[in-house]
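Please read the structure below before turning to the comments.
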Protein chains: 2
Amino acid sequence: MPRPKEFNPDEALEKAMQVFWHKGYQATSMEDLLTAMSLNRGSLYATFGDKRELFLKAMDLYCTGVGVGSRLSILSRPGPAIPLVHQFLEGMLEFALSDPQRRGCLIANTAMELAPHQTDIAKKVSGRLQHLEDAFFKLLTRAKQNGELDKNKNPRALARVLVTMMQGTIVMIKAGTPAEVVRQTAETVLSILK
Amino acid sequence: MPRPKEFNPDEALEKAMQVFWHKGYQATSMEDLLTAMSLNRGSLYATFGDKRELFLKAMDLYCTGVGVGSRLSILSRPGPAIPLVHQFLEGMLEFALSDPQRRGCLIANTAMELAPHQTDIAKKVSGRLQHLEDAFFKLLTRAKQNGELDKNKNPRALARVLVTMMQGTIVMIKAGTPAEVVRQTAETVLSILK
DNA sequence: TTAATACTTGACCGATCATTCCAGTATGGC
DNA sequence: GCCATACTGGAATGATCGGTCAAGTATTAA
């Protein structure tokens with residue numbers, strides 16, 4: 001048995017994810033990461049690999065733990081579908097708006113910063129977006145069957161609108177749009193479901 | 001009279017803007033810029049100031065010359081308003097989709113990369129977004145007066161939806177979403193005007 | 001107690017970063 | 001033709017980048 005690590009890798013990765021989320025990939029230096037994770041170079045490289053590997057692990061953690069992924073379960077709850085959509089989007093919105101650092105969403109940030117230049121990262125990003133779209137699609141399909149959604153509506157197209165809308169909202173929040181304007185805009189988009 | 005420059009500052013700035021647009025601020029090195037602008041360090045710093053100043057000038061050029069700004073005139077044409085909205089958005093969409101580099105929009109890119117960390121840049125970005133929103137608003141107000149747009153619709157809210165939608169679309173394009181999906185999604189959003 | 005293991009630490013590497021500066025040189029006004 | 005001007009080209013700056021490595025140390029298994 002090896003000597004145990006003096007730090008908690010999960011907590012360290014969480015810290016790294018926070019920094020990447022806040023500053024982006026390029027603007028984050030290994031120095032930043034070492035400070036935030038409060039460990040030394042050797043331990044970092046031995047545990048997480050290089051900067052890129054660490055970033056990929058941080059993305060995974062974000063998806064499962066903190067970001068949209070963690071709230072995605074709302075969309076698979078039973079009961080009336082449309083209220084669930086509202087509940088989910090309102091939760092995401094307030095979460096993003098309440099962040100004084102305006103970090104937005106790591107997935108959206110990465111889509112903008114890295115996806116066009118790195119195909120594997122683009123795949124990861126679009127996989128997550130697809131996942132979100134599918135969750136909306138399932139729920140909207142149910143809504144259509146329930147009669148909550150008009151029969152001539154297209155659940156797939158609407159799901160894509162919701163995803164696109166979320167990404168756009170993140171851009172607007174990062175640009176400094178006032179919270180009330182963001183809320184009203186989101187509400188207006190949701191009228192498309194009626 | 002000084003000795004005339006051996007390069008065209010406008011053309012050089014255009015090149016710089018292209019690089020910033022493609023790679024973002026952080027990922028662009030002065031080396032990249034020097035190569036693209038095909039001039040030497042001395043001339044660059046003497047003519048455009050440091051990297052940050054050059055970027056701000058590149059943003060200005062983008063707004064007036066290449067980006068949304070240059071196509072904004074479509075929105076102030078006379079005649080039926082709603083078709084103009086469609087025409088404008090379709091133009092933007094095809095422009096963004098036809099770019100093999102998936103550069104998106106320099107304003108949106110900057111909103112994501114720099115706006116949360118630099119208040120002056122955030123101001124510049126949100127100013128441009130506001131400008132776009134106002135153009136939509138004016139047109140939609142006219143549409144409402146014309147009877148092209150339903151009386152119970154809110155032009156301000158709809159204008160904001162269109163702006164948010166455009167930003168979201170850029171994220172989706174950068175994430176690698178197929179062109180046909182992007183087109184269908186945009187079309188679905190526009191059903192909100194009916 | 002000892003040997004093997006592997007985590008910790010910080011010095012160190014070459015590369016690259018943005019920026020400065022100084023010759024060298026071409027131009028315009030006289 | 002000559003001087004002042006200022007553009008050009010590239011060397012050089014110190015800082016910082018991501019990443020490596022060897023020495024020191026703590027832990028476990030025997």
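Computed from a prediction, not measured in an experiment: that's the story for all the values here. Throughout, a chain's letter reflects where its sequence line sits, starting with A, and its residues are numbered from 1. Because only heavy atoms are used, hydrogens play no part in the values below, and waters and symmetry mates are left out as well, while side chains stay in.
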Within residues 7-21 of chain A, the residues having a heavy atom closer than 4.0 Å to DNA chain D are none
In whole angstrom, what separates B:Leu33's CG from C:dA18's C1'?
->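 In whole Å, C:dA18 C1' lies 11 Å from B:Leu33 CG.
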Rounded to the nearest Å, what distance is computed from the CG atom of residue A:Leu39 to the P atom of nucleotide C:dA6?
->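 Atom-to-atom, A:Leu39 to C:dA6, this comes out as 19 Å.
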Strictly under 3.5 Å: I want the nitrogen or oxygen pairs between protein and nucleotides 17-23 of chain D, one per line.
residue : atom : partner : partner atom : Å
D:dG18  : OP1  : A:Thr28 : O            : 3.2
D:dG18  : OP1  : A:Lys51 : NZ           : 2.9
D:dG18  : OP2  : A:Met30 : N            : 2.7
D:dG19  : OP2  : A:Tyr45 : OH           : 3.2
D:dG19  : OP2  : A:Lys51 : N            : 3.0
D:dG19  : N7   : A:Arg41 : NE           : 3.4
D:dG19  : O6   : A:Arg41 : NE           : 2.3
D:dG19  : O6   : A:Arg41 : NH2          : 3.2

Tell me, which pairs form a ring-ring contact (aromatic ring centres under 6.0 Å, His included) where one or both residues lie in [range], sequence neighbours left out?
range: residues 165-194 of chain A; result: none
range: residues 130-153 of chain B; result: B:Phe88-B:Phe136
range: residues 90-118 of chain B; result: A:His22-B:His117

Check whether any side-chain nitrogen or oxygen of B:Ser43 sits under 4.0 Å from OP1 or OP2 of D:dC7, and answer yes or no.
-> no
Find out whether B:Leu140 and B:Lys153 are in side-chain contact, i.e. whether some heavy atom of one side chain is under 4.5 Å from a heavy atom of the other.
->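 They are not in contact (no side-chain heavy atoms under 4.5 Å apart), so the answer is no.
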Mark yes when over 12 heavy atoms from residues, nucleotides or ligands other than B:Glu187 sit less than 6.0 Å from its CD; otherwise mark no.
->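 For B:Glu187, atom CD is not crowded (no more than 12 foreign heavy atoms under 6.0 Å).
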Whether over 12 other heavy atoms sit under 6.0 Å from B:Lys57 NZ | yes
Report the relative orientation of the aromatic rings in B:Tyr25 and B:Phe20; use parallel for angles under 30°, tilted for 30 to 60°, perpendicular for over 60°.
->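 Rings of B:Tyr25 and B:Phe20: parallel, as their planes differ by under 30°.
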Salt bridge (Lys or Arg N to Asp or Glu O under 4.0 Å) pairs, two or more places apart, involving residues 134-148 of chain B =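 Matches after skipping sequence neighbours: B:Asp134-B:Arg156.
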